[in-house]
> 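My questions all concern the structure below.
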Amino acid sequence: MKELADVALDAAKSKGASYCDIRINRFRRQFIFAREDRIQNTVSLDAFGFGVRVLVDGVWGFAAGSLVDKDTIARLAVVATDIAKANKALQTDPVILVPVPAVNDTWQTPVTKSPFRVSTKVKADLLLGINAAAMKAGANFVNSAIFAVEEDKFFASTDGSYISQLLTRVWPTFNVTCVDKASGKFKTRGSLSTPIGTGWEYVEGYPLIEEAALAAEQCKQKLACKSVTPGKKDLVLSPEHLWLTIHESIGHPTELDRALGYEANYAGTSFVTTDKLGKLKYGANLLNIVGDRTQKDGLATCGYDDDGVKTTSFDIIKDGTFVGYQTIREQNARFKALGETTLKACSYADNYSSVPFQRMPNVSMKPHDWNGKKVGWEEMVADVKDGVLIEGAGSFSIDQQRYNFQFGGQVFYEIKDGKKGEMLRDVAYQAKTPDFWASLDMVGSDHYYKLGGSFFDGKGQPGQSNSVSHGSSWCRFRGVNVINTGRKI
Amino acid sequence: MSFLSESEAKAVTQKALSLASAPETIVSLTPTRAGNTRFSRNEAQTSGSSETMNVVIQSFYGLKKGTATTDQFDDRSLLECVRSAEELARLAPDNKETMPVLGPQTYLESRMYSPDVEAISASWRAKVAADAIAGSKAKSLIAAGFVTNQSLANVIATSKGLFGYEKESDVAYSLTVRAQDDTGSGWGGGTGNRMTGFDTGAMTARAIDLALRTQKPVALEPGNYTTVLSAECVADLTLTMMFGGFDARNYDEGRSFLSQLSKQVEGGEKIFGEKVNIFTDPLHPDCPGNVFDSEGLPVKKVDWIKDGVVKTMVCGRYWAENGKKKRAVRPSPANGIMTGGTSSVDDMVASTQRGLIVSRFWYIRPLDPQTCLFTGLTRDGIFLIENGKITRPVKNFRWNETPVKMLRNIEAMGPSRRVITSEQDLGSSLYFPPLKVTDFTFASLSDAV
């Protein structure tokens with residue numbers, strides 16, 4: 001690998017590149033899909049190739065290929081420098097990279113049992129077991145799937161770094177549907193399991209069969225339960241729900257590239273403009289948010305990012321105040337005046353053929369220290385007169401500056417006079433990001449802390465997919481606008 | 001890697017098929033050359049090119065199926081990929097819905113490729129970006145955009161003698177121009193399969209014009225408004241309805257929004273407004289589509305909605321033979337075309353006493369699939385119409401609405417044109433009209449610009 005990498009580094013330097021890196025990656029993905037009593041497909045995806053990135057006169061160029069031989073690498077390294085030169089007239093502020101130490105290292109996701117060492121039969125039997133449990137409990141339809149990913153990554157740069165990493169992720173999931181033929185109505189209930197940055201041990205430890213039966217029962221209830229009365233209500237939100245709200249309303253707006261306008265043409269910018277760093281009251285004092293690519297089991301966890309920078313943990317929101325962006329290496333020198341001088345290692349490319357750019361680290365909410373006391377939804381509900389308890393993530397939508405959001409969920413329960421009551425349907429809540437986080441008035445203890453996350457978080461042009469985790473405990477919010485999504489057509 | 005000619009592609013597929021020991025095999029190839037230039041903050045951001053090959057092997061042992069892919073197509077890699085697919089298939093349980101692979105098919109002559117798109121260079125992309133930046137700077141605005149092109153071949157072959165080869169070229173451009181003080185934003189963009197009519201200058205001009213006109217918007221009360229929707233908005237919202245909702249199996253199983261309207265559907269009654277005609281036509285001159293699907297099924301012209309009546313739905317081979325009733329096999333739409341009308345957008349505005357005109361939607365997600373209810377936001381241009389004239393920019397809204405209602409409440413319809421969807425660059429084969437509709441539901445205000 002080193003020999004191949006050096007071909008690219010030498011070719012780029014000989015064509016005037018001040019910096020060059022090459023990633024030679026093999027990404028393996030295995031997906032198995034099941035429906036009711038049958039396996040629909042087992043898919044093994046193998047992507048192998050290289051991507052060369054160069055800086056010529058402070059302008060980026062990039063080229064990638066799937067033929068990994070010295071001639072192709074040398075040729076495409078030159079193509080990358082040509083592209084950088086073609087764009088020179090467009091660049092007014094040259095890219096400058098702050099120095100990083102040369103690293104020769106290896107890193108791999110701590111895994112007890114790689115999902116790629118588990119047989120297809122075991123996986124298929126698990127999915128068929130999930131489906132059988134759901135059908136037995138009354139589901140009309142059920143789809144289930146297992147996703148497993150292994151990123152075997154080699155990185156080399158003209159900084160003198162040579163880094164090998166092996167990253168593993170896995171996600172078992174299902175979705176149950178119940179149909180009321182008399183009324184023509186149907187409802188779904190998705191699994192509360194999460195994609196996670198670990199091995200098959202997560203799948204073995206998660207009660208998928210039991211949850212499938214519960215999901216079918218709850219799905220039937222969703223068809224018959226009462227429709228929510230809209231209005232201002234208190235919300236008690238589970239970690240399996242809250243991860244998505246954290247992702248959309250805190251994770252994305254605190255990306256520095258969005259705040260600076262790099263994503264203006266696609267995902268959008270951010271209401272967290274650079275003048276707000278260290279000043280913006282993002283939410284209640286209870287709100288403490290950390291960016292962390294070293295977090296145990298995190299989907300974005302790794303040893304080094306795709307700029308070759310060592311990963312770390314950093315505060316984003318401290319005691320309710322916004323204190324730090326997510327950043328990548330090239331931003332440290334260009335935007336030094338902002339005071340973002342710590343290397344935070346948030347660069348990622350989703351394939352060898354993709355350009356590395358800023359992606360979200362694991363962004364999680366710290367649980368509250370209750371001096372060892374267990375505090376979860378029951379303690380929160382006790383002080384709610386009129387509210388809704390939400391489990392699981394559902395519908396989601398947020399504007400291009402991350403102000404106005406609207407979220408649904410998987411199951412909803414009425415809270416009346418301090419008690420969790422009957423199930424509700426047609427629930428979504430809509431809020432403005434700072435107002436919502438200001439209404440946070442109770443954060444649960446670490447006993448209930450869980451990771452949720454996204455296997456496929458989209459960003460960039462051309463679009464790339466990132467995997468990212470978000471942890472939290474149960475939380476309570478006061479006076480949030482709850483809407484009724486029921487309609488007739 | 002050079003682009004594979006038809007004969008070269010055939011040789012690779014034959015090689016892969018010769019390595020197979022499974023009774024039935026499908027080989028698919030997608031050799032692709034792509035390039036892009038991304039810019040923001042009035043300067044270059046990232047640019048790149050790639051040469052990739054995707055090989056997909058699907059192996060079948062009776063009712064057992066396995067799929068494997070690789071990026072390599074040397075003999076050893078092909079053999080490993082074939083063996084991997086066959087191992088997965090042998091280990092898989094029987095799936096009673098597995099259908100036999102297809103034999104030779106007859107395809108329409110594709111219109112998806114044009115050599116002028118394949119000839120696009122990094123310099124051409126840089127020129128488009130430079131013009132956008134220069135035009136924006138001249139008006140003290142900030143540009144962020146993306147120019148991209150790809151040339152590829154869709155290749156499929158089966159152990160029963162099917163062979164399909166279709167060259168495709170795509171170009172796309174999108175530009176967001178914002179005011180320096182963040183009070184206004186405009187967008188322009190488009191996509192095509194050939195350079196004729198692909199007018200990046202007009203797209204840039206549209207974005208700059210909207211960025212100037214949207215500045216310092218006023219807040220309006222949320223509510224239901226008569227609304228003039230751009231062709232992009234109409235395509236975005238209609239497309240959400242066509243995915244899943246227009247699936248024959250979902251419909252038969254009771255999990256399509258059309259299921260509860262089954263009496264009207266089966267009776268041939270109008271579900272949408274009588275002027276609503278939506279169809280697929282791979283040979284549309286300005287908006288062509290692929291001529292075969294991933295199974296190798298031929299794609300032909302088909303009416304999905306005619307005069308407001310649901311004519312047919314997407315239906316796979318298994319369900320066509322074994323569903324609730326016998327149906328024709330209908331591959332997924334290769335493109336989406338809605339017949340337009342003759343009203344200009346100016347006519348629509350002039351005939352509106354009080355309403356809104358919207359240039360773009362954003363972040364559309366389902367709220368309730370049962371009623372085809374979606375939520376999303378306006379972006380990059382929403383204006384108040386008073387007494388037949390556009391009077392002022394207004395703040396963005398979140399809307400909660402169903403395309404079923406939108407397509408029932410049409411008051412006027414403009415000429416259709418090729419459009420790009422809000423979250424996609426290459427590959428949008430959509431041809432839709434602007435519409436004036438009544439009673440569109442804007443649910444809450446957004447402070448986003």
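Proteins get letters first, then strands, A, B, ... in listed order; numbering begins at 1 in each. Remember, it's a predicted structure, so these values are computed and weren't measured experimentally.
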> Give, as side chain, backbone, both or neither, the part of Ala89(A) having an atom under 4.5 angstrom from any heavy atom of chain B.
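Contact with chain B: none, neither part.
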> Under 6.0 Å from the six-membered ring centre of Phe62(A) and within 45° of its axis: does the NZ or CZ of Arg53(A) meet both?
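No, Arg53(A) does not lie over the aromatic ring of Phe62(A).
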> Heavy-atom cut-off 4.5 Å, strictly under: side chain, backbone, both or neither for Glu330(A) against chain B?
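Answer is neither: Glu330(A) stays 4.5 Å or more from chain B.
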> Of the listed residues (Asp380(B), Asp74(B), Thr70(B)), which shares the most heavy-atom pairs with chain A below a 4.5 Å separation?
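Going by pairs under 4.5 Å, I would pick Thr70(B).
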> In terms of heavy-atom pairs under 4.5 Å, which option from Asp125(A), Ile398(A), Asn481(A), Val43(A) contacts chain B the most?
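Most heavy-atom pairs within the cutoff with chain B belong to Ile398(A).
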> What residue, out of Gln58(B), Gln72(B), Arg125(B), has the most heavy-atom pairs lying under 4.5 Å from chain A?
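It is Gln72(B).
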> With a 4.5 angstrom heavy-atom cut-off, could you sort out which part of Leu76(A) is near chain B: side chain, backbone, both or neither?
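Looking at Leu76(A), just its side chain touches chain B.
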> Between Ile32(A), Leu45(A), Thr120(A), who has the most heavy-atom pairs with chain B when the cutoff is under 4.5 Å?
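Most heavy-atom pairs within the cutoff with chain B belong to Leu45(A).
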> What part of Thr37(B) is in contact with chain A, defined as an atom under 4.5 angstrom from a non-hydrogen atom: side chain, backbone, both or neither?
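Side chain of Thr37(B) only, per the 4.5 Å heavy-atom cut-off to chain A.
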> Between Gln91(A) and chain B, which part of the residue has a heavy atom less than 4.5 Å away: side chain, backbone, both or neither?
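Contact with chain B: backbone and side chain both.
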> What residue, out of Ala86(A), Ser397(A), Gly184(A), Ala64(A), has the most heavy-atom pairs lying under 4.5 Å from chain B?
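Winner by heavy-atom pair count: Ser397(A).
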> Is Phe146(B) close to chain A through its backbone or its side chain, or both, or neither, when contacts mean heavy atoms under 4.5 Å?
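Both parts, heavy atoms under 4.5 Å.
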> Please state whether the side chain, the backbone, both or neither of Phe31(A) comes within less than 4.5 Å of a heavy atom of chain B.
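Interface part for Phe31(A): neither.
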> What part of Phe186(A) gets within 4.5 angstrom of chain B, counting heavy atoms only: side chain, backbone, both, or neither?
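It is both, since atoms from each part get that close.
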> Taking all non-hydrogen atoms of both residues, which atom of Ser66(A) and which atom of Thr52(B) are closest, and how far apart?
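Taking Ser66(A) first and Thr52(B) second, the nearest heavy atoms are OG-CA, 3.8 Å.
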> In terms of heavy-atom proximity below 4.5 Å to chain B, should Ala80(A) be classed as side chain, backbone, both, or neither?
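Ala80(A) has no heavy atom closer than 4.5 Å to chain B.
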> Once rounded to the nearest 0.5 Å, what's the spacing between atom CG of Asn25(A) and atom CZ of Phe50(A)?
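The distance works out to 11.5 Å.
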> With chain B as the partner, which of Thr269(A), Val79(A), Val95(A), Asn140(A) has the greatest number of non-hydrogen pairs under 4.5 Å?
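Between Thr269(A), Val79(A), Val95(A), Asn140(A), the count favours Thr269(A).
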> Side chain, backbone, both or neither: which part of Arg35(A) has a non-hydrogen atom closer than 4.5 Å to chain B?
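Contact with chain B: side chain only.
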> Once you round to the nearest 0.5 Å, how far does CZ of Phe141(A) lie from CZ of Arg249(B)?
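Reported value, rounded in 0.5 Å steps: 8.0 Å.
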> Taking the inter-plane angle between the rings of Tyr429(A) and Phe407(A) on a 0 to 90° scale, is it parallel (under 30°), tilted (30 to 60°) or perpendicular (over 60°)?
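Because their plane-to-plane angle lies in the 30° to 60° range, the rings of Tyr429(A) and Phe407(A) count as tilted.
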> Say you draw a straight line from CG of Asp435(A) to CG of Asn404(A); how long is it, rounded to the nearest 0.5 Å?
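Asp435(A) atom CG to Asn404(A) atom CG measures 10.5 Å (nearest 0.5 Å).
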> Give, as side chain, backbone, both or neither, the part of Lys432(A) having an atom under 4.5 angstrom from any heavy atom of chain B.
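For Lys432(A), side-chain heavy atoms alone lie under 4.5 Å from chain B.
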> Does the pair Glu248(A)/Arg365(B) count as a salt bridge with the N-to-O cut at 4.0 Å?
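No salt bridge links Glu248(A) with Arg365(B).
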> Pick from Leu367(B), Ile271(B), Thr402(B), Leu91(B): which one has the most heavy-atom pairs with chain A under 4.5 Å?
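Highest number of heavy-atom pairs under 4.5 Å: Leu367(B).
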> Specify whether Phe397(B) and Phe442(B) have parallel, tilted or perpendicular ring planes, treating 30° as the upper limit for parallel and 60° as the lower limit for perpendicular.
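Geometry flag for Phe442(B) against Phe397(B): tilted rings.
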> Please classify the contact of Thr42(A) with chain B as side chain, backbone, both or neither, using a heavy-atom distance under 4.5 Å.
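For Thr42(A), heavy atoms of backbone and side chain both lie under 4.5 Å from chain B.
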> Given a strict heavy-atom distance threshold of 4.5 Å, which part of Gln30(A) is in contact with chain B: side chain, backbone, both, or neither?
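Looking at Gln30(A), just its side chain touches chain B.
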> Which of these passes salt bridge (Lys or Arg N to Asp or Glu O under 4.0 Å) with Asp426(A): Arg487(A), Lys488(A), Lys187(A), Lys185(A)?
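For Asp426(A), the salt bridge (Lys or Arg N to Asp or Glu O under 4.0 Å) test succeeds with only one of Arg487(A), Lys488(A), Lys187(A), Lys185(A), which is Lys187(A).
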> Could you tell me which portion of Phe271(A) (side chain, backbone, both or neither) has an atom closer than 4.5 angstrom to a non-hydrogen atom of chain B?
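When you check distances to chain B, no heavy atom of Phe271(A) falls under 4.5 Å.
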> May I ask you to name which of Ile83(A), Val179(A), Thr485(A), Asp399(A) has the most heavy-atom pairs under 4.5 Å with chain B?
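Between Ile83(A), Val179(A), Thr485(A), Asp399(A), the count favours Asp399(A).
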> Might you point out which heavy atoms bring Pro253(A) and Ser270(A) nearest each other, and give the distance in Å?
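Pro253(A) and Ser270(A) have their closest heavy atoms at O-OG, 2.6 Å.
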> Is the shortest heavy-atom distance from the side chain of Arg398(B) to the side chain of Thr375(B) under 4.5 Å?
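Arg398(B) vs Thr375(B): side chains touch.
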> Walk me through it: do Tyr262(A) and Phe357(A) pass the test ring-ring contact (aromatic ring centres under 6.0 Å, His included)?
CA-CA 10 Å; Tyr262(A) 286 99; Phe357(A) 74 126; over 10 Å; no
> Could you check whether Glu86(B) pairs with Arg83(B) (Lys NZ or Arg NE/NH1/NH2 to Asp/Glu carboxylate O, under 4.0 Å)?
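Yes, this pair counts.
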